[in-house]
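Right, one structure below, let's go through it.
Computed over heavy atoms, backbone and side chain alike; hydrogens, waters and symmetry mates excluded. Chain A is the first sequence line, chain B the second, and so forth, proteins listed ahead of strands; every chain is numbered from 1.
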Number of protein chains: 2
Amino acid sequence: MSYKIGEAARLAGCKVETVRYYEQMGLLPAPARSEGNFRLYSDSQVEQLSFIRHCRSLDMSLENIRELLQFREMPSKSCAGINQLIDEHIDCVESRMDALQQLRQQLRNLRNRCSGERSIESCKILHGLTGCPCHSTEAG
Amino acid sequence: MSYKIGEAARLAGCKVETVRYYEQMGLLPAPARSEGNFRLYSDSQVEQLSFIRHCRSLDMSLENIRELLQFREMPSKSCAGINQLIDEHIDCVESRMDALQQLRQQLRNLRNRCSGERSIESCKILHGLTGCPCHSTEAG
DNA sequence: AGAATCCCTATAGCCACTATAGAGTCAAGA
DNA sequence: TCTTGACTCTATAGTGGCTATAGGGATTCT
């Protein structure tokens, strides 16, 4: 069974352009071509595309996905590297969460400086955004 | 008092290229030039640069910052729009936090499928990443 | 036969920078 | 005076992960 790019994209839940992009980036092998030069994907190539999309839905980078695909080519080796990769990705996600939490607190502090019923020149939010450190949004 | 681009950048805590980029994007006016064609920034222009950097440190888009700069030009008008802009930005940050929290949970579920002491072909993490929905990382 | 839908390549755009190449300017030291 | 080195200039390309467009060819439906 073989699939044209539109079918493959639909099965994997992405756009046609995205499939071609993955091929260009070396995440998908160049597939067979029909007489009319259309790409023809095998079942296992569609599965590989779905694998990539699943990883992307977990926000992994294409570089990380490339590594995972390489792991798949060595089925008898240890999977410790896979676990490590996931652990590092979780760390990365948690770092971003921490950063966003700090950011939210700073934004809330800033927001609390004004009720929105002033003139712009007396708005303490704008004042808080000037270069002057005396108006900082640090916790307080 | 006037500052060359390097001094302005240092005062605002960014790179020289970034300052030129802001000028190109219309966030900073084209400054005066020296005889040798060097950019010369006034105090208020350096303050504007610092304002931009402060907003960027709160992860606002250049588009949002452009709006804030326009508000600053109408000091006697109501500041309601500023408050709204900040509120929307907070909403945006919170959406990203929610998305990351879900993501972390999915990654943890995936990670818990394996201890890292298997072979790659039997690693349940890789299995969980295939296109097959029977190995999904949904809560469970 | 014609229209609609698919597919092809190549290229540019998104965001907020960052980096590079190749040249010019300027202040301080020998 | 000459040179060195730090600074500056413009223009252009690269980052990541796509998305969109132009301008064509293939296939399929009616």
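- One interatomic measurement links the two molecules: CD of Glu35(B) to P of dG24(C), which rounds to 18 Å at whole-angstrom precision.
- Stacking of Arg72(B) on the aromatic ring of Phe51(B) is recorded, both the 6.0 Å distance cut-off and the 45° axial limit being met.
- Between Glu17(A) atom CD and dC8(C) atom P there is a gap of 10 Å when expressed in whole angstrom units.
- Atom OH in Tyr21(B) sits roughly 19 Å away from atom P in dT20(C) (whole-Å rounding).
- Nearest-nucleotide positions on DNA chain D place Val16(B) closer to the 5' end than the other of Gln24(B) and Val16(B).
- One finds a salt bridge joining Arg96(B) and Asp59(B) here, because a Lys/Arg side-chain nitrogen approaches an Asp/Glu carboxylate oxygen to under 4.0 Å.
- In this structure, the CG atom of Asn37(B) is 21 Å from the P atom of dG22(C), given to the nearest Å.
- Within the 4.0 angstrom heavy-atom criterion, no nucleotide atom of any strand lies near Arg10(A).
- Considering only side-chain atoms of Ser34(B), the nucleotide from dC17(C), dT20(C), dC26(C) that sits closest is dC26(C).
- Boundaries of the chain B contact region on DNA chain D are dT8(D) to dT10(D), first to last in 5' to 3' order (nucleotide atom under 4.0 Å from a heavy atom).
- Contact check, Lys4(B) against dT25(C): no side-chain N or O comes under 4.0 Å of OP1 or OP2.
- Between the C1' atom of dA16(C) and the CG atom of Asn64(B) lies a distance of 14 Å, rounded to the nearest Å.
- Rounded to an integer number of Å, the gap from Tyr3(A) OH to dC7(C) P is 15 Å.
- Within the nucleic acid shown, Arg20(B) comes within 4.0 Å of at least one base atom, counting heavy atoms only.
- The residues Arg108(B) and Glu94(A) are annotated as salt-bridged, a charged nitrogen and a carboxylate oxygen being separated by less than 4.0 angstrom.
- Linking ILVMFWY side-chain heavy atoms closer than 4.5 Å, directly or via other members, places Leu62(A) and Met60(A) in a single hydrophobic cluster.
- In terms of position along DNA chain C, the nucleotide closest to Gly36(A) lies nearer the 5' end than the nucleotide closest to the other residue of the pair Gly36(A) and Leu62(B).
- Note on Met97(A): it clusters hydrophobically with Leu110(B), by side-chain heavy-atom contacts below 4.5 Å among ILVMFWY residues.
- Here Tyr22(B) does not reach the OP1 or OP2 of dA16(C): none of its side-chain N or O atoms lies under 4.0 Å away.
- Here the shortest heavy-atom pairing between Pro31(B) and Tyr41(B) reads CG-CE2, 3.5 Å.
- Across all strands shown, Arg53(B) has heavy atoms under 4.0 Å from sugar-phosphate atoms exclusively, and none from any base.
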Show the atom names and distances, to 0.1 Å, of all donor-acceptor pairs under 3.5 Å that link a side chain in residues 4-23 of chain B to residues at least two apart or in another chain.
residue  : atom : partner  : partner atom : Å
Glu7(B)  : OE1  : Lys4(B)  : N            : 2.7
Tyr22(B) : OH   : Arg53(B) : NH1          : 2.7
Glu23(B) : OE1  : Arg39(B) : NE           : 2.8

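- Atom CZ in Phe38(B) sits about 6 Å away from atom P in dC26(C), given to the nearest Å.
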